[in-house]
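First the structure, in the form of structure tokens, and then the observations on it.
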Protein chains: 2
Amino acid sequence: MYAASNLTEQRFAQSHGLSGAQLPGPHLVSSYKAGRAVYAEGDAIDKCYQVATGAVRVYRLLSDGRRQVVSFHLPGEMFGFEAGSNHRFFAEAITETRLAVFGRRSMHERSQELLDIALAGMARAQEHLLVLGRQCAVERIAAFLADLSDRQGGVRQLRLPMSRQDIADYLGLTIETVSRVMTKLKERSVIALRDARTVNIMRLDALRSLCH
Amino acid sequence: MYAASNLTEQRFAQSHGLSGAQLPGPHLVSSYKAGRAVYAEGDAIDKCYQVATGAVRVYRLLSDGRRQVVSFHLPGEMFGFEAGSNHRFFAEAITETRLAVFGRRSMHERSQELLDIALAGMARAQEHLLVLGRQCAVERIAAFLADLSDRQGGVRQLRLPMSRQDIADYLGLTIETVSRVMTKLKERSVIALRDARTVNIMRLDALRSLCH
DNA sequence: CGGAATCTTGACCAAGTTCAAGCGGTGTGG
DNA sequence: CCACACCGCTTGAACTTGGTCAAGATTCCG
């Protein structure tokens, strides 16, 4: 798969103070440059990952190039386990990223933790179904920003690691629509934009009420 | 929750020849009339279910009444476990339905099987994200019909237990669009409709190529 | 400073929704 | 047994949201 030789790897001390579920046992940390693949569709599933720093996108492609981003993963969050023995999604580092890597052994040893993580992943995906199936563009963006804020402990100053294209492919929209909605939210002073990647949530209540 | 007294309950012989994952141990079978709730949002999660006969819809509601059907469950399929301790979805029998009910104990005893089921559920939801996020109406309907066919072992004669409204709420469309697309597929002789609920897949290859 | 990406904005367009009417089977009461 | 009302489904016409295409603005970097 991806040779360890071109990665920065090192022992990873247990109990790191990261949020999210923890798997025990010694494991490695690998560094990924922005845009680098963590795994590809078809690769064998033999590891799982926890983001230490940076961000990861997991997505699928249609034959004609349409892309659906299934999830983003922020520091502390686990990803990389799927049903079956081979990946059906792609995972890539969005920015410079460091990942804690867990091998097959520590996965099998702690199936209870894995169950919790799998159930959380299912819940997340099902929540997202509601957004894609039944919410309009503004609601999608609002839900996205509110979710990002929540996942960082309710911060109001968001640094978006992902591009407009990533957001569009996550929300089932186009970059133009994402951009227009951001502008509209800015005009209504629900958010402020220092630059495209730096969002300041000015009225969290207004943002939440847009999520329905 | 739902009192056992108004249910038909009986001992359920193990190893029933149903497709899908099996959990061991004695359990009960309950009967549900069309439209009856299996559980509601907020109910404690203390059981899980396997469809014996009939069909179940699992869905979520927005405050303004918009509904997103997250999944349908056909004979042999398991449902009812979620992250956390309380349901965040509703589950209802679509038609007259019989369910095998598993208690908390048999759930905890076999977390490995549960893990597989949870991972399968996650995969299913993520697959559906692609449909809702990136496919047009015809592709959604085609994917839906092909999926139903697959889940029944590739049969070409489908009896749809669910209404057009259920399908619409599953695919993020309106009943009118579902109806129009069905008509269009019929005109192209990809399918034949004896009546609204009986679909005959005439050209499975054509249907699949519409799914992309 | 120049060039490439990324993002924003505008004008037009199309897919799907909304609204409204009609169809067809089913069940009920006269 | 028929008339009628009801429900789920289909169809048509007008409309709206978001997509497409194209042109600028901004940022990021070498």
Side-chain angles (χ1 to χ4, degrees), chain A residues 33-35 57 62 64-69 94-96 131-145 158-188 191-199 210 212, chain B residues 34-35 57 62 64-69 94-95 131-145 158-188 191-199 210 212:
Chain A
K33 292 213 192 71
R57 64 180 161 245
L62 287 174
D64 60 0
R66 280 177 288 181
R67 184 179 76 154
Q68 177 64 44
V69 171
I94 298 178
T95 57
E96 175 83 29
V131 174
L132 295 191
R134 286 286 172 240
Q135 301 202 210
C136 68
V138 201
E139 293 171 333
R140 294 185 199 198
I141 302 276
F144 172 69
L145 294 175
L158 294 178
R159 183 97 252 279
L160 304 181
M162 66 291 282
S163 68
R164 293 288 187 263
Q165 187 65 64
D166 288 331
I167 299 173
D169 287 347
Y170 179 63
L171 298 177
L173 299 171
T174 58
I175 29 175
E176 291 95 332
T177 300
V178 172
S179 189
R180 276 185 259 266
V181 170
M182 289 289 206
T183 305
K184 187 159 289 179
L185 289 177
K186 189 176 68 180
E187 283 167 3
R188 294 195 216 157
I191 60 173
L193 294 171
R194 170 178 298 278
D195 62 280
R197 304 284 185 104
T198 313
V199 180
L210 282 175
H212 268 255
Chain B
R57 63 178 162 247
L62 287 175
D64 60 359
R66 281 177 286 180
R67 186 178 72 153
Q68 177 65 43
V69 172
I94 298 178
T95 56
V131 174
L132 295 190
R134 285 289 172 235
Q135 302 203 205
C136 68
V138 200
E139 293 170 334
R140 293 184 199 198
I141 301 276
F144 172 69
L145 294 175
L158 295 178
R159 183 98 250 279
L160 305 181
M162 65 292 281
S163 69
R164 293 287 187 266
Q165 187 65 63
D166 288 332
I167 299 173
D169 288 346
Y170 179 63
L171 297 177
L173 300 170
T174 59
I175 27 174
E176 292 95 332
T177 301
V178 173
S179 189
R180 277 185 256 267
V181 170
M182 289 289 204
T183 305
K184 188 158 288 181
L185 289 176
K186 189 175 70 178
E187 283 167 4
R188 293 195 216 158
I191 61 172
L193 294 170
R194 170 179 299 276
D195 62 280
R197 304 286 186 103
T198 315
V199 179
L210 283 174
H212 270 255

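Proteins get letters first, then strands, A, B, ... in listed order; numbering begins at 1 in each. Since this is a predicted model, take the numbers as computed values, not measurements.
- For B:Arg164 and B:Asp169, the salt-bridge test fails: no basic side-chain N is under 4.0 Å from an acidic carboxylate O.
- Atom-to-atom, CD1 of B:Ile175 to P of D:dT11 comes out at 13 Å; the value is rounded to the nearest Å.
- Look at B:Thr174 and you'll find a side-chain N or O under 4.0 angstrom from OP1 or OP2 of C:dT17.
- Remark: B:Arg197 is not in phosphate contact with D:dG8, judged by side-chain N or O atoms under 4.0 Å from OP1 or OP2.
- Distance alone, capped at 3.5 Å, is enough to place a donor-acceptor pair between the B:Thr183 side chain and the B:Ser179 backbone.
- Note: CD (B:Gln165) to P (D:dT10) measures 13 Å, nearest angstrom.
- In this structure, the CZ atom of B:Arg164 is 18 Å from the C1' atom of C:dT17, given to the nearest Å.
- Heavy atoms of B:Ser163 sit under 4.0 angstrom from primed sugar atoms or phosphate atoms, though from no base atom.
- For B:Arg180, no side-chain nitrogen or oxygen approaches OP1 or OP2 of D:dT11 to under 4.0 Å.
- Between A:Leu132 atom CG and D:dG18 atom P the separation is 13 Å, expressed in whole Å.
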| Which is it for B:Glu187 and B:Arg180 under the salt bridge (Lys or Arg N to Asp or Glu O under 4.0 Å) test, yes or no, and what are the steps along the way? | CA-CA 10 Å; B:Glu187 283 167 4; B:Arg180 277 185 256 267; over 6 Å; no
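- Distance check, rounded to the nearest 0.5 Å: CD of B:Gln135 to CG of B:Leu210 gives 10.0 Å.
- Atom CD1 of A:Ile167 and atom C1' of D:dG18 are 17 Å apart (whole Å).
- Side-chain proximity of B:Glu176 to D:dT20, D:dG19, D:dT11: nearest is D:dT11.
- Between the C1' atom of C:dT17 and the CZ atom of B:Arg66 lies a distance of 13 Å, rounded to the nearest Å.
- Computed from coordinates, the B:Lys184 NZ to D:dG12 C1' distance equals 13 Å when rounded to whole Å.
- Atoms CZ (B:Arg194) and P (D:dT10) sit 16 Å apart, rounded to a whole Å.
- Distances shorter than 4.0 Å separate none of the side-chain N or O atoms of A:Thr183 from OP1 or OP2 on C:dT8.
- Of the two residues near DNA chain C, A:Leu193 and B:Gly172, the one whose nearest nucleotide lies more 5' is A:Leu193.
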| Are A:Arg66 and A:Asp64 close enough, and set up right, to give a salt bridge (Lys or Arg N to Asp or Glu O under 4.0 Å), and what steps lead you there? | CA-CA 6 Å; A:Arg66 280 177 288 181; A:Asp64 60 0; 3.0 Å; yes
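- Considering only the side chain of A:Ala196, C:dT8 comes nearest among C:dG16, C:dT8, D:dG18.
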